[in-house]
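Worksheet: the structure to be examined is printed underneath.
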Protein chains: 2
Amino acid sequence: MNRRSPNRPPTLEEVAERAGVGRGTASRVINGSVQVSDAARNAVLQAVEELGYVPNRAARSLVTQHTDVVALVVSESEDRLFGEPFFAQVVRGVTNAMARTPRQLLLTMTHREADRGRLNDYLSRQHVDGVLLLSLHDDDPLPGQLTARGVPAVLGGRPHSEVTLPFVDMDNEGGAALAVEHLISSGRRRVASITGPVDMSAGRQRLEGYHQALVGHDFRPLVESGDFSENSGRRSARALLERAPDLDAIFCASDQMAIGAMTELAAAGRRVPDDVAVIGFDDSPISRHTVPSLTTVHQPVEDMGVRMVEMLGQLIEKPAEAVPDVVLPTHLVVRNSA
Amino acid sequence: MNRRSPNRPPTLEEVAERAGVGRGTASRVINGSVQVSDAARNAVLQAVEELGYVPNRAARSLVTQHTDVVALVVSESEDRLFGEPFFAQVVRGVTNAMARTPRQLLLTMTHREADRGRLNDYLSRQHVDGVLLLSLHDDDPLPGQLTARGVPAVLGGRPHSEVTLPFVDMDNEGGAALAVEHLISSGRRRVASITGPVDMSAGRQRLEGYHQALVGHDFRPLVESGDFSENSGRRSARALLERAPDLDAIFCASDQMAIGAMTELAAAGRRVPDDVAVIGFDDSPISRHTVPSLTTVHQPVEDMGVRMVEMLGQLIEKPAEAVPDVVLPTHLVVRNSA
DNA sequence: GAGCGTTATGGGAGCGCTCCCAAAGGTGCG
DNA sequence: CGCACCTTTGGGAGCGCTCCCATAACGCTC
């Protein structure tokens, strides 16, 4: 009776025995080594088929020290993850690029403190070969922990200064400056801005671009801070209108906020773009269909996903080599709102 | 020199040595066994802290035969996964329920054939304790493979007859019948329906409900088939209008299609609900904000996620006991479109 | 046909952990 | 003071796999 305990999946050893070869040879066949005779290979393949053998990944990982799994961690709630087209686009880029690698992608979201502990030691080497981090907030301890554990990781978006992980970022500052310059050169004199969250570098950089563009024009900055959401766009627009009834342009750090602002502008009886010009940021799919259609800053989101995967691949395969950070270009898409 | 090869993470053995205890005792502390003296426990805890020890999950899984990881597999493209509020709601329910279990959630999407192979053996026991399957199409081989491998799995949505996995479903048929009855009892005489994809049971069941409700009223069915998308709603509405210019109501198997249909109706100069009543299905967030607001069938999507997790938990913990399928109730939400 | 290089093969060692058993130490009671 | 019993402990065995080394088998050449 050499049958194993109740319906455990078959092991390599059993496959080898059935094929009449040694464990080593069976392993070579499974892993596609060429140093195997055709006879042996066929025997093993047939045994695999008959037994329905699937390699035990835990056992394999234990010896190879890798898992062929990469995690994409999004530090946001499901609502934002699913609500904002941005994430869908990154994920599309990431999955496309992953299809060209031997690795499997895992998606994890973590807004909730309670989840953090579990996630955390899930991500510690031995379970994941690398991590893609999206939508990082400044106070997030994850980058530090990953660095400490030596887990290869790439960030989407530039981190604040203490984080040393490689990143792929957009030229947020340049894009914002482009937008504001467009506003000024088309004759606007009182240009306000609704910012993103200040604990995210994308938010800070877009604000910085706004300030940059104002330099030398002797315009006073006029800023309300939002959080990228449509609601915060409405709220901020209302506040702006109250503070500066004479404003004639608003640069919003996200399309969602621009949409909110336009709604509020309409409610206040201001015409877009006649009375007030509006520019958004993201070039999200909806920006094409708003009324009027939204002038906005395009950022190559899908590319970002692709580049992140490529960088992570390098990090995993050649841990010794440093990979340079990447900043992707942005450009202005002029439609009807400005 | 008993130091291990270059910067490998510390092992249990090293922790034990540093704490001056045996490997067994260290393991007991890590796993929270009570049979340990306070002195030993503290020594181990301190060593863990100092060394930054994290258990190697591959090694643990190899012996315990489980991984404390559950996968949520969505058989759709990123576009649909992120585009339809339905998925966001299920995911919310799932993550909430998972927070109460010791397990970690993994999200995977698979529309692409190429990904399938990798996913497939990723899901084979030893790497995942169980699987939650969403948005299953009839020809999907996954359920069969999971069954064959003995991987515990729960479906969201009723499968076609050959699949024997336990499921959580909505009362699609009942909800659809409710909608159509509402239409009839409010005086509509020519009630059409735009169906969902016929290779998904939700689509078939909603159509069945439509037929049921028509029985005994001597109305001829008038059906166009869509795929749940807004575009297919427009296309189908156009076709319907051509085939039966006298129609005075349309029951759509999804809110997205209802929105498409309303757009098309408006383009054709029909007023909603005056000329044509429209009812959707899903009670998605947008249905509140359409003009006119959409009468629709509510389904408890978040609950579905919760129940799926609970069922999977039972399946994993008590593999011997059968778990009964669940059908969640739906109800009509009357707004202004019908 | 002896000697050589080359290719194919079997199986031991060991990855880091949990499980379990046997032994040591401690306590209480007659 | 001795014995039985309980708590705490150490460490061997083994999970299923890959890696690697020693050996076997084969094919040449001279």
Side-chain angles (χ1 to χ4, degrees), chain A residues 2-44 47-48 51-68 102 121 124-127 129 149, chain B residues 2-44 47-48 51-68 121 124-127 149:
Chain A
N2 70 348
R3 209 72 203 93
R4 311 179 52 234
S5 52
N7 68 331
R8 277 276 199 87
T11 69
L12 223 213
E13 197 100 34
E14 290 169 4
V15 170
E17 189 187 342
R18 183 173 192 117
V21 303
R23 186 166 24 81
T25 301
S27 174
R28 252 159 268 154
V29 173
I30 303 292
N31 293 293
S33 161
V34 271
Q35 313 280 60
V36 183
S37 70
D38 286 351
R41 184 190 320 283
N42 291 143
V44 171
V48 165
L51 259 27
Y53 171 76
V54 179
N56 181 324
R57 287 187 167 242
R60 178 181 287 177
S61 298
L62 187 54
V63 22
T64 61
Q65 305 287 326
H66 66 252
T67 60
D68 284 339
D121 67 73
S124 67
R125 199 98 115 273
Q126 305 312 338
H127 224 56
D129 288 350
R149 299 234 167 93
Chain B
N2 71 347
R3 208 73 203 90
R4 309 176 55 233
S5 51
N7 68 332
R8 278 278 199 84
T11 69
L12 223 213
E13 197 99 31
E14 289 169 3
V15 170
E17 190 186 340
R18 182 174 194 117
V21 303
R23 188 168 18 85
T25 303
S27 175
R28 253 159 268 159
V29 173
I30 303 292
N31 293 292
S33 161
V34 271
Q35 311 280 64
V36 183
S37 69
D38 285 351
R41 184 190 321 282
N42 291 143
V44 171
V48 165
L51 261 26
Y53 171 76
V54 179
N56 181 322
R57 286 186 166 242
R60 179 182 285 176
S61 297
L62 187 54
V63 21
T64 62
Q65 305 286 324
H66 66 253
T67 59
D68 284 338
D121 67 69
S124 67
R125 197 98 113 272
Q126 303 313 336
H127 225 55
R149 298 237 167 92

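Here the structure is a predicted model, which means the values were calculated and not measured. We name chains A, B, ... by the order of the sequence lines, and we start the count at 1 in each one.
- Comparing the end axes of the helix from C:dG1-D:dC30 to C:dG30-D:dC1, each fitted to five base pairs by superposing C1' atoms of four pairs onto the next four, gives an inter-axis angle of 50° (nearest 10 degrees).
- Put simply, CG on B:Leu12 is 20 Å from P on D:dG14, counting in whole angstrom units.
- Screening residues 20-44 of chain A for salt bridge (charged side-chain N to carboxylate O under 4.0 Å, His left out), with sequence neighbours left out, gives A:Glu13-A:Arg23.
- With sequence neighbours excluded, the residues that form a side-chain contact (heavy atoms from CB on, under 4.5 Å) with A:Arg60 are A:Ile30, A:Asn31, A:Pro55, A:Thr64.
- Of all heavy-atom pairs spanning A:Leu12 and A:Tyr53, the tightest one is N-CE1, 3.4 Å.
- If you check D:dT18, D:dG16, C:dG16 against the side chain of A:Asn56, the one that comes closest is D:dG16.
- The NE2 atom of B:His127 sits 5.5 Å away from atom NE2 of A:His127, with the distance rounded to the nearest 0.5 Å.
- Atom pair B:Asp38:CG and D:dT8:P shows a separation of 9 Å (rounding to whole Å applied).
- Between B:Arg60 atom CZ and C:dC15 atom P the separation is 19 Å, expressed in whole Å.
- Residues satisfying the side-chain contact (heavy atoms from CB on, under 4.5 Å) test with B:Ala59, not counting sequence neighbours, are A:Leu62, B:Asn56.
- Within residues 21-29 of chain B, the residues approaching DNA chain C are B:Arg23, B:Ser27, B:Arg28, by heavy-atom distance under 4.0 Å.
- In this entry the distance linking CZ of A:Arg57 with P of C:dC17 reads 21 Å, nearest Å.
- At whole-Å resolution of the value, CD in B:Glu17 and P in C:dG16 are 14 Å apart.
- A search for side-chain contact (heavy atoms from CB on, under 4.5 Å) contacts involving B:Ala16 returns B:Val21, B:Ala26, not counting sequence neighbours.
- Taking atom OH on A:Tyr53 and atom P on D:dG16, their separation rounds to 10 Å, with Å as the unit.
- Between D:dT18 and A:Asn31, a contact under 4.0 Å exists linking OP1 or OP2 to a side-chain N or O.
- Minimum atom distance to the side chain of B:Thr11 is reached by C:dC17, of the listed C:dC17, D:dG16, C:dC15.
- Residues A:Thr67 and A:Ser61 approach most closely at CG2-OG, 3.6 Å, considering heavy atoms.
- Among D:dC15, D:dT8, C:dC17, the nucleotide with an atom closest to any side-chain atom of B:Gln65 is D:dC15.
- Of the residues near DNA chain D, B:Val63 and A:Ile30, the one whose nearest nucleotide (by heavy atom distance) lies more toward the 5' end is B:Val63.
- Distance, B:Glu13 CD to D:dG12 P: 10 Å, rounded to whole Å.
- No engagement by B:Ala16 is indicated, since no non-hydrogen atom pair under 4.0 Å with the nucleic acid exists.
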Test log, rule side-chain contact (heavy atoms from CB on, under 4.5 Å), inputs A:Thr11 and A:Glu14: CA-CA 5 Å; A:Thr11 69; A:Glu14 290 169 4; 3.6 Å; yes

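- Phosphate contact (OP1/OP2 of C:dC17, side-chain N/O of B:Thr64, threshold under 4.0 Å): absent.
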